[in-house]
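Shown next, in structure tokens, is the structure this report addresses.
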Amino acid sequence: MALAKFRNMKIKKTKRAFKFKLTTFYERIECEFQKGFEPNNLSIRWSRGNREVVSNTPSWTADFEDESAVKGRAKFEPVNAVELLITLYKYPKTVEYNDKYYKYSVEHTALNGKKTSLGVFELNVADYAEIGQHRHELALICKAASKKVFSMKIVMRLEVEFLKSGCAQDDDMISTWSALPGGETDYSDDEYNSDDGNDNRKRAMSTDLSYVLGESLFSLISKNREELVLPDGFPEDLSGMHHSKSIALLFSANWSDTCVNFLQTVDKLYTMREGRTFEIVYVSCDYDDESLIQGMKKHSIIYLSLRPKSVIAENLRDHYEVSSIPQLLIVNPETGRVIEREGKKVLEKCHGSIEEQKILATLWGKGKSSQSSHRLAVVKESILGSSVSLSSTLDGISESGQNYSKRKGSLKQQNTEQVIGHLEHMLKQKEQELRESQDQLQAAQEEILSLISENEALQAKNFEMSDQVRQLKIIVKDFGDQNRAMADEKQQLVAAMEVKGWLFKRGISGPTGRLWRKRYFQNNGFFLSYYKSPSTQVEQGSIDLKKVNEISILPKEKQDKNSASFNIITEQRVYELQARNPEEMSSWIRAVNYLMNYHKENMLQSYGNHCAMSPSRQLNIQNAADSIHI
């Protein structure tokens, strides 16, 4: 019931932060403008919010011009590289990063200095973020922002390199545009930059950041005395608490019977501490301040308490991800590092043993956890104390034996057998106590050996895990090298595959549409484009190879006199083509089939097949590429 009630409280999930380095290489801008407009002073503005960075000015070259439009390209010579550090966020149980969009805007600067936006593209960098180092060739089709623009495309390369990860509140993980002068701090994934006067939010952020930066928790408490409730008799001067080696944060509530019962165990531990080596801070999870104050009086809570809705209490619950109560955390008061997370379980394992509780109080008072390496030192001290006590017991037994001999001689003289029997019984009891002390000493020695073995096993396991981490780093590096080699290999193969030559093509509409026209065909990536001549840059049309369903040779009765007619059938239409002879027709069909199969296989490989291409397959592709120049 306590857990169900506590879950109704507002607990924020701690986000994880991942820092990347983005490098954008601008190559060229391909665009088509209204005739009369001269784009001789273009630039690319990369921005998000009020942060921005502007590229160099590329050189403009017109490739084609007609009565209404000018088509050309603005080329960056050399390639313009821009480098930025960004931070992406995600929650612990999610796989995808939170979206983060950056705007690429192509601008023209007039002679009077006025800037005009011509085209815009918004890129979500979370889609390209991966662990390791990756390179992406991009062609961004911009949305026209001016009537003067018919089409615009930014050709660039984006390189993404993973740097490190950590908690979103860590000071070295806060996102900053370090490549931009005057960049402001990015406190969240939505680039919070508001001056709305929300005092509570600003105060919470300030407190949490101060804590993460290492300010003593007691310093924070002394600065926020209005968030505290001091029990009766507690000293108003808190300066003595700064000498404590650790803080026991007790997350509890007075409405929970489980929490109230656990308070009794914590009270015993609090009385066993040596001086003020550690302090207990009661982090209240009650409904309100009145419930806390009534509970402190009813259950005699003697610790310094934080109000349930105070900023410090909320930040402590968020920072240490408290999801159930009661919970006892032992932390370092200077750094906030957790010394003992499962303090409740460790304390309950003592089963009320005073000796075990004293050991815990000693360990936590020294700022150490209950792990084997720390517990071993305390057990040794306890055994040494037992050894001293045992030596005193032996000396006492020896002295008692001497006294017994004297008294026995005297009693013989008095013939008092009853007194002799009583003394013999006392001697047996002392001998029994001696045997029990020896058994305890042997058990303590065995526990020392067991703890030493456990410590050695943990060290061996730690060494093994370190070796595995080194091997994984080598594998990740090899995988990145292999990826880059595959990308270079694909570019070389695509460049080697070139299909071009003359074919007759039959139209599909118009008064003269069904006539045969001679066209020059040439492959362009996923498309087979055709032109009036090899020297003409104006494309008459293209065949999308990704959408080709079938390539068929016409039946004999429908063939032309050269017996070289064939059709390329796509989802939209049927392309009727004719070669000069059957041999040339067969070469065209083989070449187009090969290009179709290559592009389809290349698309499948981009979704997960990262295997390196074998030398024999490279040779086959090269031979095919050499054989389809028609």
Side-chain angles (χ1 to χ4, degrees), residues 22-86 99-128 136-160 175-184 186 190-195 537-539:
L22 265 63
T23 307
T24 300
F25 297 87
Y26 296 117
E27 297 180 4
R28 64 185 183 276
I29 306 172
E30 298 179 1
C31 43
E32 185 175 0
F33 294 104
Q34 195 178 72
K35 188 174 181 180
F37 177 68
E38 296 186 4
N40 51 13
N41 195 8
L42 297 179
S43 61
I44 301 176
R45 183 180 302 274
W46 190 6
S47 63
R48 183 169 189 266
N50 60 351
R51 305 166 178 85
E52 59 185 30
V53 61
V54 182
S55 71
N56 298 335
T57 302
S59 57
W60 165 258
T61 303
D63 297 332
F64 169 79
E65 183 176 349
D66 60 14
E67 296 178 354
S68 60
V70 177
K71 187 176 182 179
R73 64 187 65 196
K75 192 172 183 180
F76 293 90
E77 293 179 340
V79 173
N80 188 196
V82 178
E83 207 174 81
L84 294 176
L85 297 181
I86 69 166
D99 290 342
K100 206 162 196 178
Y101 287 90
Y102 289 81
K103 183 188 295 183
Y104 292 85
S105 179
V106 179
E107 295 182 343
H108 177 259
T109 305
L111 295 177
N112 59 3
K114 182 180 179 181
K115 296 182 182 294
T116 304
S117 178
L118 303 179
V120 176
F121 186 91
E122 290 191 355
L123 182 73
N124 184 12
V125 295
D127 295 337
Y128 301 91
H136 306 275
E137 301 290 341
L138 302 179
L140 308 182
I141 308 298
C142 298
K143 180 180 179 181
S146 172
K147 295 181 180 179
K148 301 176 183 178
V149 179
F150 296 146
S151 65
M152 180 169 290
K153 179 169 65 175
I154 302 174
V155 180
M156 60 181 242
R157 184 171 76 252
L158 180 65
E159 292 188 359
V160 183
S175 176
T176 55
W177 280 58
S178 53
L180 304 178
E184 297 182 17
D186 180 9
D190 59 353
E191 301 276 356
Y192 178 78
N193 190 28
S194 174
D195 296 325
Q537 298 294 327
V538 180
E539 183 184 273

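Reckoned from all heavy atoms, side chains included, excluding hydrogens, waters and symmetry mates. Numbering starts at 1 and runs along the sequence shown.
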* Asked: Where do Arg157 and Thr23 land on the side-chain contact (heavy atoms from CB on, under 4.5 Å) test, with the steps shown first?
  -> CA-CA 8 Å; Arg157 184 171 76 252; Thr23 307; over 6 Å; no

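- Across every non-hydrogen atom of Ser117 and Ser146, the tightest pair is O-CB, 4.0 Å.
- Nearest heavy-atom pair across Asp99 and Ala126 is CA-CB, 4.2 Å.
- No side-chain heavy atom of Met156 sits under 4.5 Å from any side-chain heavy atom of Glu27.
- Annotation: side chain of Arg73 is in contact with side chain of Asp63 (closest heavy-atom distance under 4.5 Å).
- Nearest heavy atom pair, residue Leu42 against residue Leu118, reads CD2-CD1, 3.7 Å.
- Here the NZ atom belonging to Lys143 is positioned 12.5 Å from the OG atom belonging to Ser105, to the nearest 0.5 angstrom.
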* **side-chain contact (heavy atoms from CB on, under 4.5 Å) between Phe76 and Ile29, worked out** => CA-CA 8 Å; Phe76 293 90; Ile29 306 172; 4.1 Å; yes

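- If you check the side chains of Lys115 and Thr109, you find a donor sitting under 3.5 Å from an acceptor.
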* To do: Start with the C-alpha gap between Lys100 and Arg48, add the side-chain angles, then the distance that decides, and say whether side-chain contact (heavy atoms from CB on, under 4.5 Å) holds.
  => CA-CA 9 Å; Lys100 206 162 196 178; Arg48 183 169 189 266; 3.4 Å; yes

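- With salt bridges taken as basic N to acidic carboxylate O contacts below 4.0 Å, one links Lys35 and Glu65.
- No option in Leu140, Leu138, Ile141 other than Leu140 meets the side chain to side chain contact (heavy atoms under 4.5 Å, CB included) test with Ile154.
- At least one side-chain heavy atom of Tyr104 sits under 4.5 Å from a side-chain heavy atom of Ile44.
- Contact of the Asn40 side chain with the His108 side chain is registered, since non-hydrogen atoms from C-beta on lie closer than 4.5 Å.
- Across all their heavy atoms, Lys148 and Phe37 have their closest contact at CD-CD1, 3.7 Å.
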* Evaluate the criterion side-chain contact (heavy atoms from CB on, under 4.5 Å) for residue pair Glu30 and Val155; output intermediate values, then yes/no. => CA-CA 8 Å; Glu30 298 179 1; Val155 180; 4.1 Å; yes

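- You'll find the side chain of Leu22 reaches within 4.5 Å of the side chain of Trp46, heavy atoms only.
- With a 4.5 Å cut-off on side-chain heavy atoms, Val149 and Phe33 count as touching.
- Residues Ser68 and Phe150 share a closest heavy-atom pair of O-CE1, 3.9 Å.
- Taking the six-membered ring where tryptophan is involved, the planes of Tyr128 and His136 are perpendicular, since the angle between them exceeds 60° and thus also 30°.
- At least one donor-acceptor pair under 3.5 Å links the side chain of Asn80 to the backbone N or O of Asn56.
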